[in-house]
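Below you'll find the structure, written out as C-alpha cells, and then a few comments.
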There are 2 protein chains.
Amino acid sequence: MANSASGDSVVDRVVRLIEAFPEGATSLQLTELADRSGLPLSSAHRLVRQLSGHGLLELGAGGNVRLGLRLWELVNRNSPTLALRQAALPFMEDIQQVLNQNVNLAVLEGWEALFVERLSRRGSVANRARIAGRMPVHISSAGLALMAHQSRELQAEYLEQFQDPEGKVTSDVVRHLLAEAAQLGYAQLAGVVDPDTWGIAVPVMNGKRRAVAALGVVVPLAEMRLQALVPALQTAARGIGRQLRD
Amino acid sequence: MANSASGDSVVDRVVRLIEAFPEGATSLQLTELADRSGLPLSSAHRLVRQLSGHGLLELGAGGNVRLGLRLWELVNRNSPTLALRQAALPFMEDIQQVLNQNVNLAVLEGWEALFVERLSRRGSVANRARIAGRMPVHISSAGLALMAHQSRELQAEYLEQFQDPEGKVTSDVVRHLLAEAAQLGYAQLAGVVDPDTWGIAVPVMNGKRRAVAALGVVVPLAEMRLQALVPALQTAARGIGRQLRD
DNA sequence: TGGCTTCTTCCATTCAATGGTAGAACGTGC
DNA sequence: GCACGTTCTACCATTGAATGGAAGAAGCCA
C-alpha cells in the first residue's frame, strides 16, 4: 500500500484506462473498467473522476464510463492523419463517384494496416474496413501495398517475425505476395475477408517517395475489372501524393 | 520545487498537454508545447516522453510533438458518437445523393454545435463545418435546431449567459430565432458564415424525444429551395432517430 | 567558429498518489 | 418490504513517484 504498488506511473494508468475499452465498446461499467485495466477499484474510480472533470471521459449514472466528447474533439481536430485525410478525401470521392465501390485509405501501424478513412459504396451498407479498424498486413490488400514499398530492413523484420496465427500462411507466401505487389505497383487479394469480394490497393507516395498510405477499393467478385480499377486508383494515389508535397 | 508546485495533479497536466494543441495544428515544438500548457519544460518533456512510450503522443526528431496515431485509433474506435454516426451515415449519404449539398451532423457541446460528421457536396471543396469543429449556437443552423429543442431550463440558462462577442446580436434576437426554430421544426440561417450560403438544419430526436443531434445542409443561395430541402432533411432525421431507438 | 536556442538528463526534496477498508446506494429475488 | 449481493463512493495514513531547477548536450544560424 504505497505509491503505485504495481510499479507503474500515473501516466501508465491513464493509458491503461483508455486502452481498456474493447474495440467498438462505447461505454463500460466502472467495475469492469477496473478489472480490464488491472487497476484497484478505488484507483480506477479516482482516475476516472479526474479525467471526467476534464471531459476526457464521461462518468454517467450508475458508474457508466465512456470516452468524452471533448477527447474525441481534441483528437480529431489535431489528428496526426489530418493532412493525409484532407489531401485524400477529394480523390476518394472521385473514385467513389466513378467506380461506385467502397473506397478506403490506410496507413501502416506496426504490422497492420490501420484504416483512417473510408467511403461506402452507394446503396450498400456492408463494409468491413471500419474507420480506426485494423487488418494484418498479409490479409489486406492495403497492408500488402504498404509493406511492399517499405525499406528492405523493415520488410525483413516483418517477414522475420511473421507467423500466421491460423497456421495457413507461411512467410514465404507473404514474401511472394509482397514481391508481386512491389513489381506490379498494386496489391490484390481475393476473398480473404469476405469470400465474394476482391481487395485492390495501391501505395500513396509522399514527396520523399515513401509509401505513407494505401488507397484501396473492395469490389464484388462479379464486378472485378482490374484494367479499369488499377489505373483509376494509381491516378488518384498520385494526386494525393502531389497534395502531400505542398 | 516539490511535487506539483502549481497544485495540479498529473492527470491535470496530461490534459493540459493535450489541450495545448491549437485547433488544426498537428505538430508542436516541445518548448512551445511547454509554454502553451504552462508546464515547466522538464516536466513537459518527461510527460511527453511517457505518453510517447504508449503511442498517445509521438515525439519526432527535433522535439517535434504530435498526437499519436494510437490515440486517434483508440478514440475513434470507441468514440462516444459512434452509434450516432453509424446510424446517421446512410441517411446523410442519401441526402448527399439526392440533393447534392454539403451535409453535416452536429451535437450540442456547451453552448456550441460540435460537428461530428460531414459529407461534402460533390465537386466542391469548400465546407466550413470541419469535423470536430465548433460553431456558436446562435450563428449556426445546427446549433439553433439543437437548442430550440432542449429543456426550458437549459434554454433559459443559455439565454441568461448569452452575449455576442461582437455585440451585434442581442439575446432577444436569439430567443426569437429559437422560438421560430421550435415552431417550424427546422432552423435556417442565411449568409452568416459565408455571405452566399444558407444553412438549414433539423433536430434528430432519440427514443426519449430528446434532440441529440442536428442534421443540416449548407446550400448556395441560388439553390435555396426550402420546400424541397426541409422535408428531405426531416425524413432523414426521423430515420436516424428510429435507428437510435434499437 | 561563436553564440543562441532547444532538447535532454540528473537527482535531492516532498507532497500527491495510493489502495485497503468501510459504508452508502442500488438492484433483485424471495 | 426485507435481506442479500453487487457496485459505487469516500476516507486517510503511508510512502515512493513526481517534481523542476540547473547543468550539460545537441542543433542551428550567422
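Keep in mind it's a predicted model, so treat the numbers as computed, not measured. Residue numbers start from 1 in every chain, and the chains themselves are labelled A, B, ... in the order their sequence lines are given, proteins ahead of strands.
- Checking A/Thr26 against B/Asn78 by side-chain atom types alone, no donor-acceptor pair falls below 3.5 Å.
- Residue order along DNA chain D, read from the 5' end via each residue's closest nucleotide, puts A/Ser42 first among A/Ser42 and B/Ser42.
- Scanning both residues, B/Pro80 and A/Arg66, for their nearest heavy atoms gives O-NH1, 4.1 Å.
- OP1 or OP2 of C/dT9 lies within a sub-4.0 Å distance of a side-chain N or O belonging to B/Arg49.
- The distance between atom CD of B/Glu32 and atom C1' of C/dT6, rounded to the nearest whole Å, is 13 Å.
- Remark: P of C/dC4 and CD of B/Gln29 are 20 Å apart, rounded to the nearest angstrom.
- Going from atom CG of B/Asp8 over to atom P of D/dA18 covers 14 Å, rounded to whole Å.
- Here B/Ser43 reaches the OP1 or OP2 of D/dG20: one of its side-chain N or O atoms lies under 4.0 Å away.
- In this structure, the CG atom of B/Leu51 is 14 Å from the C1' atom of D/dA18, given to the nearest Å.
- B/Val137 places none of its side-chain heavy atoms less than 4.5 Å from the side chain of B/Leu146.
- Closest to the side chain of B/His45, out of C/dA17, D/dT9, C/dT9, is C/dT9.
- When the nearest nucleotides of DNA chain D are assigned to A/Leu30 and B/Leu47 by heavy-atom distance, the more 5′-ward of the two goes with A/Leu30.
- OP1 or OP2 of D/dT19 lies within a sub-4.0 Å distance of a side-chain N or O belonging to B/Arg46.
- At whole-Å resolution of the value, CG in B/Leu28 and C1' in C/dT6 are 14 Å apart.
- In the set D/dA22, C/dT18, C/dT21, the nucleotide with an atom closest to the side chain of A/Val10 is C/dT18.
- In the set D/dG21, D/dT9, C/dT18, the nucleotide with an atom closest to the side chain of A/Leu59 is D/dT9.
- Between the side chains of B/Asn76 and B/Ser79, no donor N or O sits under 3.5 Å from an acceptor N or O.
- Comparing C/dG19, D/dG20, D/dT9 against the side chain of A/Pro40 picks out C/dG19 as the nearest.
- Atom-to-atom, CG of A/Asp12 to C1' of D/dA18 comes out at 13 Å; the value is rounded to the nearest Å.
- The side chain of A/Arg13 contributes an N or O atom lying less than 4.0 Å from OP1 or OP2 of C/dG19.
- Inspection of the A/Gln50 and B/Ser9 side chains reveals an N or O donor paired with an N or O acceptor under 3.5 Å.
- Between the CG atom of B/Leu39 and the C1' atom of D/dA18 there is a distance of 13 Å, rounded to whole Å.
- Between the CD atom of B/Gln50 and the P atom of D/dT19 there is a distance of 8 Å, given to the nearest Å.
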